[in-house]
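Below is one structure; the comments refer to it alone.
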Amino acid sequence: MFMSLLEKRRSIRRFLDRPVEKEKIDLLVEAALRAPSSRGFNPWEFVVVSDRRMLERLAQAKEHGSAFLKDAALGMVVCADSTKSDVWVEDASIATIIIQLAAESLGLGTCWIQIRGRSHAPDRSSQEYVAELLRLPPGMMVEAMLAIGYSAEHKAPHPKDGLLWRQVHCTVFGTPYPTP
């Protein structure tokens with residue numbers, strides 16, 4: 001069942017004009033809170049956004065690659081307290097993919113919107129923009145935002161024979177892994 005989730009999950013950037021049910025949002029939040037973290041520090045924090053105006057404002061977080069968030073029914077902003085853990089980036093990333101896989105299992109489409117290290121404008125980072133919008137406290141870093149909703153597009157799974165098997169090595173780098 002897990003492998004079929006991985007096969008089906010694709011980045012979705014077009015959404016139906018249909019709200020996500022509260023029960024499904026609650027399950028996404030529970031999935032996020034169950035995400036593993038290094039040493040159990042749980043530095044992540046999540047901001048759940050269904051307010052249309054806020055989604056439109058968050059959709060402007062980056063110069064490129066975030067505009068589709070305005071059409072999603074739901075956004076989840078994945079943040080982490082950088083003072084709690086030196087691996088907050090990894091912990092927040094793990095939580096983000098856990099949310100994506102949970103969403104896929106609930107029949108929802110998602111797309112990751114990278115915020116950390118991105119620009120809102122030439123003189124302002126996406127971090128600064130989102131932190132101000134969401135009133136994040138100092139030290140609360142934004143890893144990513146997820147656009148979530150019912151998909152208005154269908155994307156076929158990537159074919160198994162199209163996977164990058166050449167990037168898998170056996171025992172030492174350079175020794176090809178035998179393709180199944």
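Note that the numbering runs from 1 along the sequence shown for the chain.
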Under 4.5 Å between side-chain heavy atoms, counting indirect links through other Ile/Leu/Val/Met/Phe/Trp/Tyr residues: same cluster for [X] and [Y] or not?
| X | Y | result |
| --- | --- | --- |
| Ile115 | Trp112 | no |
| Leu16 | Phe68 | no |
| Ile97 | Val142 | no |
| Leu27 | Leu5 | no |
| Met141 | Ile113 | no |

Test your reading of the model: is there a side-chain donor-acceptor pair from [X] to the backbone of [Y], 3.5 Å cut-off?
| X | Y | answer |
| --- | --- | --- |
| Thr110 | Ala147 | no |
| Ser82 | Gly139 | yes |
| Glu7 | Pro157 | no |
| Glu45 | Val47 | no |
| Glu104 | Leu6 | no |
| Glu56 | Lys70 | no |

Query - Sequence neighbours excluded, every pair satisfying side-chain hydrogen bond (donor to acceptor under 3.5 Å, both in side chains) that has a member inside residues 86-95 - result: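 Applying side-chain hydrogen bond (donor to acceptor under 3.5 Å, both in side chains) to every pair that reaches into residues 86-95, excluding sequence neighbours, yields Arg39-Asp86, Ser93-Glu143.
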Can you measure from [atom1] ([X]) to [atom2] ([Y]) and round to the nearest 0.5 angstrom?
| X | Y | atom1 | atom2 | result |
| --- | --- | --- | --- | --- |
| Glu132 | Arg57 | CD | CZ | 8.0 Å |
| Met54 | Leu133 | CE | CG | 5.5 Å |
| Ser125 | Arg116 | OG | CZ | 12.0 Å |
| Gln60 | Leu69 | CD | CG | 10.5 Å |
| Met140 | Gln127 | CE | CD | 10.0 Å |
| Leu58 | Leu134 | CG | CG | 5.5 Å |

What pair of heavy atoms forms the shortest contact from [X] to [Y], and how long is it?
| X | Y | answer |
| --- | --- | --- |
| Leu136 | Cys79 | CD1-SG, 4.0 Å |
| Glu63 | Pro122 | OE2-CD, 3.6 Å |
| Gly109 | Ile12 | CA-CG1, 3.9 Å |
| Ser126 | Lys62 | OG-CG, 3.4 Å |
| Pro43 | Ser85 | CG-CB, 4.0 Å |
| Ala61 | Met145 | CB-CE, 3.8 Å |

Flag side-chain contact, heavy atom, 4.5 Å: [X] against [Y]:
| X | Y | result |
| --- | --- | --- |
| Pro180 | Trp165 | yes |
| Leu108 | Leu74 | no |
| Glu30 | Leu33 | no |

Query raised in the report: Does a donor on one side chain and an acceptor on the other come within less than 3.5 Å for Arg10 and His158?
Result: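 Arg10 vs His158: donor-acceptor pair found between side chains.
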Sequence neighbours excluded, which residues qualify as ring pair (Phe, Tyr, Trp, His ring centres under 6.0 Å) partners of [X]?
| X | value |
| --- | --- |
| Trp44 | Phe46 |
| Tyr129 | His120 |
| His169 | Phe173 |

Query raised in the report: Which hydrophobic side chains are connected to Leu164, either touching it within the sub-4.5 Å cutoff or through other members that do?
Result: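 Its cluster partners, ordered by chain and number, are none at all.
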Report task. Starting from Ile98, walk the hydrophobic network (Ile, Leu, Val, Met, Phe, Trp, Tyr; side-chain heavy atoms closer than 4.5 Å) and list everyone else you reach, by chain and number. Result ->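 Listed partners: Ile94.
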